[in-house]
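Below: one structure, written as structure tokens.
As the structure lists them, so they are numbered: ligands from 1, and atoms in each ligand from 1.
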Amino acid sequence: MKLHEFQAKEVFARYGLPVQQGAVIERPAQMAGLTLRYPVVVKAQVLVGGRGKAGGIKLAATPAEAESSARAILGMTIKGERVERVLVVPAADIGAEYYLAFVTDRARRRAVAVASAAGGVEIEAVARTAPEKIVTVPIDPCLGCPPFQARAIGRRLGFAGPLLDAFAGIAGNLYRLYWTEDADLAEINPLAVVGSTLLCVDAKLVLDDNAAFRHTDRPPSEELTALEREARSHGLSYVELDGDIAVIGNGAGLVMSTLDLLAHFGGRAANFLDIGGGATADGMRAALDIVQRKSGIRAIFINIFGGITRCDEVARGIVQDPPRVPASIRLTGTNEEEGQRILRGAGISATLDPDQAAQDAVALARAAPRP
Ligand code: GDP
Ligand code: MN
């Protein structure tokens with residue numbers, strides 16, 4: 001899960017990392033209520049990088065200028081993400097920009113520190129054009145990033161004196177944060193020289209979802225849509241896609257191949273939805289409800305291969321609240337006869353053949369009126 005800059009900076013502050021204290025607003029008029037030292041920087045809060053280049057970061061000398069910057073940035077779309085909030089912070093007088101991150105290196109099975117004196121630009125670009133400017137140091141998980149190692153990294157970036165002390169403190173704290181918060185990536189870009197000290201001007205945190213159970217105090221992920229969040233609360237794995245045929249299946253592998261099957265026959269899936277093993281009638285009903293609430297659905301393709309999941313349970317879920325748009329159903333496996341009988345009783349037909357069902361779903365979607 002990715003955090004917004006303002007959320008990441010709240011975590012940074014808890015770990016003693018120096019950040020600018022500011023405020024988050026959703027409407028330009030809210031700027032008037034803030035007491036900040038000017039000039040300020042108005043920063044788009046979206047879960048993508050390169051906001052500066054995209055015009056999502058503006059310096060403002062006066063409250064009036066800040067309000068018009070906020071008006072320009074709020075509602076803007078950056079790399080497909082709409083800006084709903086801006087972070088406003090007192091501007092720092094930046095001398096030089098460095099890069100520092102701890103990132104999980106799966107091949108090495110540990111974190112690596114990645115640091116560079118060429119900060120403020122995308123690290124991927126530096127890696128392409130001047131890889132020698134990037135320092136990469138593996139971190140021993142038993143030792144963490146002790147001061148001697150942090151100082152060695154800082155010296156390789158050219159730091160000395162009080163700036164080296166500041167760098168070592170920041171590197172130690174950033175690793176502690178990375179480790180304690182179960183992050184996949186903890187990044188500062190730029191780590192800026194301001195006078196005789198260092199400041200984390202930007203903050204990026206990607207947290208490892210596999211460790212979410214250890215961190216129950218976290219904000220809900222904003223990467224999910226409202227429907228995706230609701231599906232999760234019903235124990236359903238649901239991901240929105242951009243086609244017009246809703247898909248429901250049991251087992252992630254079957255659902256993935258169902259998406260392929262649809263694509264093969266010229267259809268476009270509106271979603272991925274796995275009701276999971278041993279799904280109940282209630283789970284099936286919830287699944288049908290969720291997929292149909294997405295706008296632009298013209299047909300539904302239900303592909304069930306009963307194993308632990310029983311066809312009769314699935315059929316009961318379908319007939320409790322029959323699909324509101326044309327549906328093509330493939331139902332086979334455990335208790336398939338009972339399942340087929342329940343569907344027939346409600347005037348709903350189903351096939352045993354996935355290819356046939358996929359072709360039917362594509363035909364139904366083509367025949368349906370544009371929603
Ligand atoms: P990103 O483009 O999404 O990575 O957003 P950043 O927060 O990294 O900001 C992009 C750039 O804007 C930085 O590299 C800085 O050059 C500039 N910037 C951001 N905040 C400040 C600030 O407080 N003062 C100054 N002078 N420049 C800033
Ligand atoms: Mn940045």
Side-chain angles (χ1 to χ4, degrees), residues 2-13 17-25 31 34-63 65-66 69-70 72-103 114-130 133-134 157 166-167 170 174 177-178 183-206 222-223:
K2 289 182 194 162
L3 295 190
H4 282 293
E5 177 192 4
F6 75 91
Q7 296 170 322
K9 282 182 169 173
E10 283 165 15
V11 182
F12 271 38
L17 291 160
V19 292
Q20 294 135 295
Q21 294 297 325
V24 176
I25 61 171
M31 196 69 80
L34 306 181
T35 45
L36 290 170
R37 182 175 50 72
Y38 280 80
V40 295
V41 186
V42 183
K43 311 183 77 176
Q45 298 299 289
V46 280
L47 297 170
V48 292
R51 297 165 300 164
K53 256 196 233 158
I57 300 205
K58 290 190 195 297
L59 199 70
T62 64
E65 210 181 295
S69 299
I73 295 172
L74 284 161
M76 188 174 161
T77 300
I78 301 178
K79 296 183 186 165
E81 265 203 60
R82 209 182 127 80
V83 183
E84 311 277 1
R85 280 167 295 199
V86 291
L87 170 66
V88 191
V89 293
D93 189 5
I94 296 178
E97 300 188 322
Y98 291 76
Y99 178 97
L100 175 64
F102 290 94
V103 59
V114 180
S116 178
V121 292
E122 274 175 42
I123 196 71
E124 291 83 0
V126 182
R128 265 195 311 276
T129 58
K133 287 186 183 157
I134 299 179
L157 300 187
F167 178 85
I170 286 172
L174 188 64
L177 181 161
Y178 164 90
D184 261 335
L185 171 71
E187 180 191 82
I188 311 170
N189 187 25
L191 172 62
V193 177
V194 178
S196 58
T197 188
L198 293 174
L199 181 68
C200 308
V201 166
D202 193 5
K204 183 167 173 188
L205 269 186
V206 180
E222 297 190 17
E223 287 160 279

For ligand 1, note which part of V89 has a heavy atom under 4.0 Å away: side chain, backbone, both or neither. neither

Under the side chain to side chain contact (heavy atoms under 4.5 Å, CB included) rule, what do E5 and D202 come out as? Steps first, then yes or no, please. CA-CA 7 Å; E5 177 192 4; D202 193 5; 3.7 Å; yes

Protein contact to [atom] [nearest heavy atom, distance to 0.1 Å]:
atom: atom 12 (O) of ligand 1; answer: I57 CG2, 4.1 Å
atom: atom 28 (C) of ligand 1; answer: I94 CD1, 3.7 Å
atom: atom 13 (C) of ligand 1; answer: E97 OE2, 3.6 Å

For [X], take its heavy atoms, then give the atoms of ligand 1 lying under 4.0 Å from any of them.
X: Q20; answer: 23 (O)
X: V201; answer: 19 (C), 20 (N), 21 (C)
X: A91; answer: 23 (O)

For residues A23 and L34, report the shortest heavy-atom separation together with the two atoms involved. CB-CD2, 3.7 Å

Quick check: closest heavy atoms across I170 and I188, and the distance to 0.1 Å? CG2-CD1, 3.8 Å

For D184, side-chain hydrogen bond (donor to acceptor under 3.5 Å, both in side chains) partners two or more places apart: T104

Would you say K204 contacts ligand 1, with heavy atoms under 4.0 Å as the rule? no

Count the heavy atoms of every other residue, nucleotide or ligand shown that sit under 6.0 Å from NZ of K53, and state whether that count exceeds 12. no

For the 3.5 Å polar cut-off, considering only N or O atoms, please tell me whether [X] and ligand 1 meet it.
X: R51; answer: yes
X: K43; answer: yes
X: G52; answer: yes

Atom 19 (C) of ligand 1: any protein heavy atom closer than 4.0 Å: yes

What verdict does the side chain to side chain contact (heavy atoms under 4.5 Å, CB included) test give for L100 and F167, after you've listed the backbone C-alpha separation in whole Å, the side-chain angles of each residue and the deciding distance to 0.1 Å? CA-CA 9 Å; L100 175 64; F167 178 85; 4.0 Å; yes

Side-chain ([X]) to main-chain ([Y]) donor-acceptor, under 3.5 angstrom:
X: K9; Y: Q20; answer: no
X: D93; Y: V194; answer: no
X: Q7; Y: L3; answer: no
X: Q45; Y: K43; answer: yes

Do F12 and L174 pass the side chain to side chain contact (heavy atoms under 4.5 Å, CB included) test, and can you show the C-alpha distance, the side-chain angles, and the key distance before you say yes or no? CA-CA 8 Å; F12 271 38; L174 188 64; 3.8 Å; yes

Going through the checks in order, is the side chain to side chain contact (heavy atoms under 4.5 Å, CB included) test met by Y99 and I134? CA-CA 9 Å; Y99 178 97; I134 299 179; over 6 Å; no

Which one of L59, I188, D202, V194 has a non-hydrogen atom at the shortest distance from atom 6 (P) of ligand 1? D202

Would you tell me which option among A92, P190, A203 has the nearest heavy-atom contact to atom 25 (C) of ligand 1? A92

Number of protein N/O/S atoms that sit closer than 2.8 Å to the Mn ion (ligand 2): 2

